[in-house]
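Below, chain A is the first sequence line, B the second, and so on; all start at residue 1. The structure displayed is predicted, hence computed values, not measured ones.
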Protein chains: 2
Amino acid sequence: MRVISKSGEYGLRALMYMVAHREEGVFVSIRDMAEHLDISFHFLTKILQSLTQAGLLKSYRGPNGGVAFNISPEKVLLSDVVRILEGDDFFDKCLLGLPGCGKLAPCPMHNIWKEIKGALKHEFETTSMAELGQAALLNRIGLVS
Amino acid sequence: MRVISKSGEYGLRALMYMVAHREEGVFVSIRDMAEHLDISFHFLTKILQSLTQAGLLKSYRGPNGGVAFNISPEKVLLSDVVRILEGDDFFDKCLLGLPGCGKLAPCPMHNIWKEIKGALKHEFETTSMAELGQAALLNRIGLVS
DNA sequence: TGTATTTAGGACAAAATACTCTTATATATT
DNA sequence: AATATATAAGAGTATTTTGTCCTAAATACA
């Protein structure tokens, strides 16, 4: 069961790493993150670029450059990140992939899925990246392999 | 958010169709299902083959051939089907894709995901294909486009 | 027996996702 | 100014998933 794509997974892990390792006013090197998290550097760069373009991160080129939160991680919700990385309709998909599925024309699994999806959405909308980064700090091995 | 692959979706829709349209002792034509459900015939054939090989369906070749339940659909759980079509570890995946994630070495999202995944698993393990097929019978448009 | 029909099974093609590589651009340091 | 370092951006490659096509095997019926 793959709920989040590789891009999404890598992006989330990087953000958690950033929360866990950031220092005030310092940009975090993408190369360092890629190495520590065992993610392809170029691939991670692209993923973080999309977060930068979305305004969630800011970046800085050159020596000691990197990326940093443009919005305080306390205010960045898990749901915000997945909406950027997985698409704005992340929480709106029918389990059977039927485009017309909805309240008026529910698929046979609509009601089952509505509950689960609602719970997932609620969790994602009440969990900040700051909380997840803190959790990563506690269980040190929580972000890699 | 794609929880179930296309193969899984198609297989489930076909099984629901079979429940909704079956007659005692009659095999359901795969071609008919493919047309009614707007699924590639050859692709659907392969998916149903794997269900046949798993013993969930039985098949019959030649005129008036097709597939039929080998196990009463009341006894076939949604979880059985997804385990066959999506892999036996369907309910055991870390949300961040970390192989080592578990109770001893939880990723930062482990506890959040554990709850949601548990609820999903419970629903899937208490819902039979017979129930879903009945639901499909009620809302006629529930299986296509 | 011959023909039509239907699933079985494998090879192949297309599309989507995941990953790599190269060049451009911005910045710091010497 | 020159060089080193870092992200930006786009082209290109690899892998996986999805979908197509062709041939074989089983069955019914004329």
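- Contacts of B:G65 with the nucleic acid, taken as non-hydrogen atoms under 4.0 Å apart, involve only primed sugar atoms and P, OP1 or OP2.
- Mapping A:N64 and A:S5 onto DNA chain C by nearest heavy atom places A:S5 closer to the 5' end of the strand.
- Between B:S59 and C:dA8 there is a side-chain polar atom (N or O) within less than 4.0 angstrom of OP1 or OP2.
- A sub-4.0 Å separation between OP1 or OP2 of C:dA8 and a side-chain N or O of B:Q53 is absent.
- As rounded to whole Å, 11 Å separates atom C1' of C:dT17 from atom NZ of A:K6.
- A distance-only check finds a donor-acceptor pair linking the side chain of B:D80 to the backbone of B:L77 [under 3.5 Å].
- For C:dA28, the OP1/OP2 oxygens have a side-chain nitrogen or oxygen of A:Y60 closer than 4.0 Å.
- Taken residue by residue, residues 39-50 of chain B places heavy atoms nearer than 4.0 Å to DNA chain C at B:F41, B:K46, B:Q49.
- Taking 4.0 Å as the cut-off between side-chain N and carboxylate O, B:R2 and A:E86 do not count as a salt-bridged pair.
- A:E123 places no side-chain N or O within 3.5 Å of a backbone atom of A:L120 that could act as its donor or acceptor partner.
- A salt bridge is defined here as a Lys NZ or Arg NE, NH1 or NH2 lying under 4.0 Å from an Asp or Glu carboxylate O, and B:R83 with B:E125 meets this definition.
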Indicate every side-chain donor-acceptor pair of residues 45-59 of chain A with a distance under 3.5 Å to a residue at least two apart or in another chain.
{"unit_1": "A:T45", "atom_1": "OG1", "unit_2": "A:F41", "atom_2": "O", "d": "2.9"}
{"unit_1": "A:S50", "atom_1": "OG", "unit_2": "A:I47", "atom_2": "O", "d": "2.6"}
{"unit_1": "A:T52", "atom_1": "OG1", "unit_2": "A:L48", "atom_2": "O", "d": "3.0"}

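- Mapping heavy-atom proximity under 4.0 Å, the span of DNA chain D touched by chain A runs 5' to 3' from D:dT5 to D:dA11.
- At whole-Å resolution of the value, CD in B:E35 and C1' in C:dT5 are 14 Å apart.
- In this structure, A:F43 and A:Y10 have perpendicular ring planes: the angle between them is above 60°, well past the 30° mark.
- In this structure, the CD1 atom of B:I30 is 9 Å from the C1' atom of C:dA8, given to the nearest Å.
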